[in-house]
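As the structure lists them, so they are numbered: ligands from 1, and atoms in each ligand from 1.
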Amino acid sequence: MTRRPYVTAAAHYLRGRPPYSAQLLDVVRAEIGLDGTGTLIDVGCGPGVLAVQLAPLFETVIGIDPEPAMLAEASRHAAAHDVKAAWIEARAEDLATLELPAARLVTFGQSLHWTDRDRVLPAVYELLQPGGAVALIAPAIEHGSPPVDRPAPPIPHEQIEAVIGAYLGWSRGPQEDTYETSLERSPFGESHVAYAPGRADIVRTTDEVVSGYLSMSFAAPDRLGDRLDEFVVDLQALLAEVSPAGRFHDWPGDTVIIWATKRG
Ligand SMILES: C[S@@+](CC[C@H](N)C(=O)[O-])C[C@H]1O[C@@H](n2cnc3c(N)ncnc32)[C@H](O)[C@@H]1O
């Protein structure tokens, strides 16, 4: 049976995940040369974070995700930000069958690795208007520096991941295929890398830190099953030790944009 971690992770996503760089829109506009026209198609849009943040750069916004619970979050998130968008329930592998308009930009926010990249990237290439671009966007924790004077103790990621390991036998594996290498062997070929500065001022409550982890596919509530409550209590106890005030500094790193264009 195919696992669907984002059914149960969806409700935690907007609450717990750190937002992308506040300058993402400016960096994307300058790097890719956008002018407020054309169509954005955000694939694996989840709760619509990228689609909503980049919407001012386009006339039309379309978000695509196979998970209805995510699309429901996206629709609420867009309405709260006065963004008009169409939300389509589909997998990236089905892009060619969706009769979509030619796109100025196709984005994947932390979602390309969920897809069959070697099938999906050629379909994205076809979907773009000449001179259009694909952008693969993610937090880059290793890029940029956290502020020297942190407003609260940092989220104890290593200790939390040890707890997840104890419950689920999970550990962080090596990255096997980078986005750059996927683009390199696709019709796009050469790619470019840009960074938008990370947000230095995100302070989380204990519940938000817990939600951040429950929004991850590897620690989603469906994986924890009937041990979910016990897991949350253990995490809360760990977090209370690290920060009795229940406040944590969340440093997501800069936001990386790996992008490539369709030759015009
Ligand atoms: C880590 S979330 C990213 C959400 C959002 N794009 C962001 O930037 O925060 C990954 C998303 O990819 C979606 N996804 C999983 N498999 C997919 C596929 N084959 N095609 C398109 N999206 C997929 C999931 O449902 C989930 O919403």
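- Ranking the protein heavy atoms by distance from atom 16 (N) of ligand 1 puts W114 CB, 3.5 Å first.
- Proximity of a side-chain donor or acceptor of H113 to a complementary backbone N or O of T178 within less than 3.5 Å is not detected.
- For C45, every heavy-atom contact with ligand 1 shorter than 4.0 Å involves the backbone, none the side chain.
- Of all the atoms in ligand 1, the ones that sit under 4.0 Å from a non-hydrogen atom of M70 are 27 (O).
- One option in G44, P19, P66 has a heavy atom closer to atom 17 (C) of ligand 1 than any other, and that option is P66.
- Not a single donor-acceptor pair under 3.5 Å links the side chain of K262 to the backbone N or O of G132.
- Tracing side-chain contacts under 4.5 Å through hydrophobic residues (I, L, V, M, F, W, Y), one reaches F231 starting from F218; they form part of the same cluster.
- Those atoms of ligand 1 with a heavy atom of S111 less than 4.0 angstrom away are 12 (O).
- Interface atoms of ligand 1 facing E67, defined by a heavy-atom separation under 4.0 Å, are 25 (O).
- Scanning the protein heavy atoms around atom 27 (O) of ligand 1, the nearest turns out to be D65 OD2, 2.7 Å.
- The backbone N or O of G38 lies less than 3.5 Å from a partner atom in the side chain of E59, making a donor-acceptor pair.
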Donor-acceptor pairs are to be reported for all side-chain atoms of residues 65-74 against protein atoms at under 3.5 Å, with residues two or more places apart or in another chain.
unit_1 : atom_1 : unit_2 : atom_2 : d
D65    : OD1    : E67    : N      : 2.9
D65    : OD2    : C45    : N      : 3.3
D65    : OD2    : G46    : N      : 2.8
E67    : OE1    : R4     : NE     : 3.1
E67    : OE1    : R4     : NH2    : 3.3
E67    : OE2    : R4     : NH2    : 2.7
E73    : OE2    : R76    : NH2    : 2.9

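- Contact annotation for Y13 and ligand 1: only side-chain heavy atoms (C-beta onward) come within less than 4.0 Å of the ligand.
- Closest non-hydrogen pair, K84 versus V61, comes out as O-CB, 4.0 Å.
- Within the 4.5 Å cutoff, side-chain heavy atoms of L14 are placed close to those of V49.
- Here is the list of ligand 1 atoms found below 4.0 Å of a heavy atom in E93: 18 (C), 19 (N), 20 (N).
- Under a 4.0 Å criterion applied to the non-hydrogen atoms of Y20, ligand 1 contributes the atoms 7 (C), 8 (O), 9 (O).
- Against a heavy-atom cut-off of under 4.0 Å, A92 is close to the following atoms of ligand 1: 18 (C), 20 (N), 21 (C).
- Inspection of the H12 and S215 side chains reveals no N or O donor paired with an N or O acceptor under 3.5 Å.
- The single protein non-hydrogen atom nearest to atom 24 (C) of ligand 1 is Y6 CD1, 3.4 Å, given as residue, atom name and distance.
- Closest protein heavy atom to atom 10 (C) of ligand 1: Q110 O, 3.7 Å.
- In this structure, the side chain of D254 engages the main chain of G198 through a donor-acceptor pair within 3.5 Å.
- The shortest N or O to N or O distance between P47 and ligand 1 is not under 3.5 Å.
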